[in-house]
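Inspection log for the structure reproduced underneath, given as structure tokens.
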Amino acid sequence: MAQNLKLYINGEWVDSSNPEMQDILNPANQEVIAKAPKATKEETEEAIKIAKSAFESGAWSDRTPQERAKVLLQIAEKMEENLDELAELEMKNNGKTLREAQSDAADAANTFRYYAGLLDHPSGVTYQAIEDLQTMIVKEPMGVAGLIVPWNFPLLMSVWKIAPALAAGNSIILKPAEITPVTAVKVFELIDQTDLPKGIAHLVMGSGSVVGQTIAESDDVDVVSFTGSTGVGRNIMQAATGNLKKVSLELGGKSPNIIFDDADLETAVDYALFGIFMGSGQVCSSGSRILVQEGIYDEFVAKYVEKAKGIKVGPGNDESSQMGAIVSEKHMESILEYIRIGKEEGGNLACGGSRIQRDGMEKGFFIEPTVFTDVTSDMKIVREEIFGPVVAIQKFKDEAEAVRIANDTEFGLAGAVFSEDQNKAMRVIRKVRAGITWVNAYHLTNVQAPWGGYKQSGIGRSLGTYGLDEYQETKQININL
Ligand code: TAP
């Protein structure tokens, strides 16, 4: 029997008054692994009300940074004791490989450690403004933080928001994606075992249009932090206008990966594969557009396609799998539709393009690593975010053209340059209009570095000190000496 999940409100595990439950599937085989509640608008409002009054009580917000750090470290320790289970649950619910899920679980625990560490460093500024006036700049928590996360990194995206929001002294309401709530439940079970005061952290599962919308509209929510699609991000901004709450958005991307003639070919090919096929391409920062200079275009494409064909797709629990499942049937269909459109609009399908239903993948949602070559900037598969294992390779002549094509997009999340000429690489990467960039690498990052996008890829930054800022107010205190 699949476990019935519960909402976590005011420090208690409770059923929703809505009897309808959502089947939570393992996308590798469609096994029902849990049933999740679909909270109502009233239940979401109740959680927000409790979070607000817990914030105002000062039980958490008035604690010293060191006291808050102690609780964050307790959460980190609990997570570290349960890394295997967290990884296993993430793999089963999202469909990613166990290796990827293990890496996410370790990064999640580390995120709590990082923010605990940050709290141990005194921050703020003080200076003598004019002769008799001493000014202090201090940071304060905002109040209630609404945290809305997607399905592609259910654990890591939750923790990227929970850790800084709690570190700053806020109360939180977490809304996981409807189809991937399982690891969020585990995180709240662990939080429940720590000294975090009752009423500070709430987990409300349910649909975006009910739970998410209620959070975004509520006058009692002071900051909403959202990761997901650009379309929903736009809705959230509109919904937030009622009380002009602070909005932080991490949205989609269509990131360029620029490979110059003088790049180390093996390095460029391997990172360009990793750049799109990690997480089956369901990664906001994926390098889904590869731009290759004409001198090495044919050689690059030949090597790339050969290696892409060799990627072993399979269930996450098979150690030999290098690429896992697509998160849901609906999303798989949307990716297959893009592949159909790509062929129709004249892209050359160099490999992949189909669902895989053999070798133990009969019931799962698996798609072959798919490579389109000889694409042009006007094609839909080049302009729109597919969010799957589909990459488009395009040719360019020179530096100026590479930059022009790279920036010819409404997005600005990530980008990379491959060249052995460090000066050229730096010159070009500085011109790429994106928040997360690499030279001779892809996807490597760390908890200290700010994560977020330019243009329609979002507003604000996660992680690092920047991530803490998203959940803080800044106050000036002027002292008449
Ligand atoms: P969305 O459909 O945007 O969903 C994201 C979250 O928002 C889910 O929890 C969803 O709930 C909720 N939601 C849906 N409608 C809402 C509404 N009207 N008000 C408030 N919340 C609402 O995206 P997705 O399909 O989960 O994820 C894929 C997209 O997210 C891709 O475009 C990808 O690029 C982007 N993404 C970006 C990043 C970063 S870091 N930039 C990271 C991951 C994903 P339900 O699904 O439960 O209904």
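Numbering of ligands and ligand atoms starts at 1, following listing order. What you see is a predicted model, and the numbers here were worked out from it, not measured in a lab.
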Numbered atoms of ligand 1 (with element) below 4.0 Å of Pro150, judged on heavy atoms: 26 (O), 27 (O), 43 (C), 44 (C)
Of Lys254, Lys38, Glu178, which has the heavy atom at the shortest distance from atom 46 (O) of ligand 1? Glu178
Could you tell me, atom by atom, which parts of ligand 1 come under 4.0 Å of a heavy atom of Gln213? 17 (C), 18 (N), 19 (N), 20 (C)
Is the NZ or CZ atom of Lys6 positioned over Phe188's six-membered ring, under 6.0 angstrom from the centre and within 45° of the axis? no
Do any nitrogen or oxygen atoms of Cys284 lie less than 3.5 angstrom from nitrogen or oxygen atoms of ligand 1? no
Does ligand 1 have a heavy atom under 4.0 Å from the side chain of Thr227, from its backbone, from both, or from neither? both
Under 4.0 Å, counting heavy atoms only: does Trp451 come that close to any atom of ligand 1? yes
Does CZ belonging to Arg99 count more than 12 external heavy atoms closer than 6.0 Å? no
Using a plain distance cutoff, I'd like to know if Val149 has any nitrogen or oxygen under 3.5 Å from a nitrogen or oxygen of ligand 1. yes
Any chance the side chains of Tyr442 and Asn257 put a donor and an acceptor closer than 3.5 Å? no
Check whether any heavy atom of Gly206 sits under 4.0 Å from an atom of ligand 1. yes
Among all protein heavy atoms in this structure, tell me which lies nearest to atom 35 (C) of ligand 1, with the distance rounded to 0.1 Å. Gly228 O, 2.9 Å
